[in-house]
Amino acid sequence: MVAISDTAPAPRPLEGMLWMFATGVNFLMVTALVKIVGSSLPAAQAAFLRYLLGLVFLLPFLVPLMRLGMRERPWKLYILRGLFHGLGVLTWFYAMTRIPIAEVTAMNYLNPVYVTLGAALFMGEKLAWRRVTAIAVAFLGVLVILRPGFREISDGHVVMLFTAVFFAGSYLAAKRLSAGEDAGVIVAMLSITVTILLAPVAVAVWVPPAPVDLVWLFLVALFATAGHYTMTRAFRAAPLTVTQPVTFLQLVWATLLGWLAFDEVVDGWVLLGGGVILAAVVFLTWREAVLNRRVTPAADVPKL
C-alpha cells in the first residue's frame with residue numbers, strides 16, 4: 001500500500017464562503033463610512049488620513065520589520081506598488097463623492113480583468129481565446145452600467161475606470177514581490193509607502209479636519225484592515241471559484257445601502273452590468289483553477 005502525502009490543507013468551502021461574506025460586510029462598512037465623510041474633506045486628504053491612521057494597526061509588525069533590517073530589497077518595486085495603490089485609493093475616494101455606491105462597487109469588479117490583461121502584457125502570460133472572451137464580456141458589463149448615449153457619464157465613472165487599472169497594477173507588483181519577500185513586510189511596506197506618497201498631495205489641498213471626520217476615517221482603516229484579514233482567511237479556506245461568487249452580494253448590499261441611507265436610486269442596469277462583469281471574473285477564476293490543476297499534480301502517486 002502506497003501512502004499519499006498531501007501537505008495542502010483540505011478545502012473548507014462553507015468556511016471560505018462565510019469568511020468572504022464577512023469580507024463583504026467589512027468592505028461595505030468602508031464604503032458607507034467614506035460616503036459619510038463625503039466631500040467634507042478633499043479626496044487626497046481623506047485617503048492620506050485613512051492610511052496615516054491605519055498605521056496604528058502595523059505596530060505589531062514594526063519590530064519584525066526592523067529586525068529584518070534595511071538589507072537590499074526591491075525598493076523600486078515597493079515604491080511602484082505604493083504609487084499604483086495610492087493613485088487607486090485617491091481616485092476611489094474621489095469617485096465615492098461623485099457617483100452612487102452601487103456603481104462604484106460594480107465597476108470595482110473590473111480589477112481582476114485588468115490584472116489578467118496586465119499579466120499578459122507585462123509578465124508574458126498567454127492570452128488564450130477564453131480569456132479574451134471573458135474580458136470582452138466584462139467590458140460589455142461596463143457598457144451596460146454606463147450606457148453611453150442613454151445617460152450622462154460623470155467624471156466619477158471615468159475615474160473608476162482608472163481606479164481599476166491602478167489597483168490591478170498594485171496587485172501585479174505584489175505578485176512579483178511575493179516571490180521573494182515576506183508577506184508581512186509586503187503589507188507593511190504598502191501602508192508606509194502609500195502614506196508617504198499621498199502626504200504631499202494631501203498637504204497641497206489640506207483643510208482642518210473635524211474630529212468626527214477623524215473618527216470616521218479611523219473606522220475606515222479598522223474595517224479595511226479587518227476586510228483584508230477575512231479575505232485572506234477566505235482564500236486559505238476555499239478555492240477562488242468558491243469564494244468569488246459570494247462577492248456579488250457586496251453589490252446587492254451596496255445598492256440597498258445607497259437606497260436606504262443615501263437616497264440613491266436603485267438602478268437595475270447597474271445590477272445587471274455588475275452581474276455580467278462578475279460572471280466573466282468567475283469564469284476567468286475557474287479557468288485558472290483548471291489550468292493549475294493540469295500543471296500541478298494533485299498528489300505524487302507512483303505509476304503502477
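Computed from a predicted model, the values in this text were never measured in an experiment. Worth knowing before you read on, the calculation uses all heavy atoms, side chains too, and leaves out hydrogens, waters and symmetry mates.
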How many angstroms lie between atom [atom1] of [X] and atom [atom2] of [Y], to the nearest 0.5 angstrom?
{"X": "L190", "Y": "T195", "atom1": "CG", "atom2": "OG1", "answer": "8.5 Å"}
{"X": "L33", "Y": "R50", "atom1": "CG", "atom2": "CZ", "answer": "11.5 Å"}
{"X": "I192", "Y": "L52", "atom1": "CD1", "atom2": "CG", "answer": "12.0 Å"}
{"X": "L251", "Y": "Y109", "atom1": "CG", "atom2": "OH", "answer": "5.0 Å"}
{"X": "T255", "Y": "Q250", "atom1": "OG1", "atom2": "CD", "answer": "10.5 Å"}
{"X": "I36", "Y": "D213", "atom1": "CD1", "atom2": "CG", "answer": "10.5 Å"}

Spell out, as yes or no, whether a donor-acceptor pair under 3.5 Å connects the side chain of E103 to the backbone of I145.
no
So, does H157 use its side chain to make a donor-acceptor pair with the main chain of S154 at under 3.5 Å?
yes
Centre-to-centre under 6.0 Å for F57 and F218, is that the case here?
yes
Do F27 and W253 have ring centres separated by under 6.0 Å?
no
Flag the pair [X] / [Y] as yes when at least one side-chain heavy-atom distance between them is below 4.5 Å, and no otherwise.
{"X": "F48", "Y": "V203", "answer": "no"}
{"X": "Q45", "Y": "F93", "answer": "no"}
{"X": "F167", "Y": "V89", "answer": "yes"}
{"X": "Y51", "Y": "L55", "answer": "no"}
{"X": "L41", "Y": "L217", "answer": "yes"}
{"X": "V142", "Y": "L161", "answer": "yes"}
{"X": "V207", "Y": "P42", "answer": "yes"}
{"X": "T193", "Y": "R81", "answer": "no"}

Which pair of heavy atoms, one from [X] and one from [Y], lies closest together, and at what distance?
{"X": "T105", "Y": "A254", "value": "OG1-CB, 3.4 Å"}
{"X": "N108", "Y": "M160", "value": "OD1-CE, 3.5 Å"}
{"X": "E264", "Y": "I101", "value": "OE1-N, 3.0 Å"}
{"X": "A95", "Y": "G156", "value": "CB-O, 3.9 Å"}
{"X": "A43", "Y": "L90", "value": "C-CD1, 3.8 Å"}
{"X": "V205", "Y": "A44", "value": "CG2-CB, 4.1 Å"}

Does one hydrophobic cluster hold both [X] and [Y], with members joined at side-chain heavy-atom distances below 4.5 Å?
{"X": "V159", "Y": "F166", "result": "no"}
{"X": "V215", "Y": "M96", "result": "yes"}
{"X": "F21", "Y": "V281", "result": "yes"}
{"X": "L143", "Y": "V276", "result": "no"}
{"X": "W216", "Y": "L222", "result": "yes"}

Please determine which of L197, V194, L198 meets the side-chain contact (heavy atoms from CB on, under 4.5 Å) test together with H85.
V194
Go through W92 and M107 one step at a time and tell me if the side chain to side chain contact (heavy atoms under 4.5 Å, CB included) criterion holds.
CA-CA 11 Å; W92 184 82; M107 295 183 72; over 6 Å; no
Is the CZ atom of F162 crowded by more than 12 outside heavy atoms at less than 6.0 Å?
no
Which residue pairs satisfy the side chain to side chain donor-acceptor pair (under 3.5 Å) criterion with at least one member in residues 266-280, sequence neighbours excluded?
R147-D267
Y229-N26 side chain donor-acceptor pair, cut-off 3.5 Å:
no
Are F283 and V137 close enough, and set up right, to give a side chain to side chain contact (heavy atoms under 4.5 Å, CB included), and what steps lead you there?
CA-CA 10 Å; F283 176 78; V137 170; over 6 Å; no
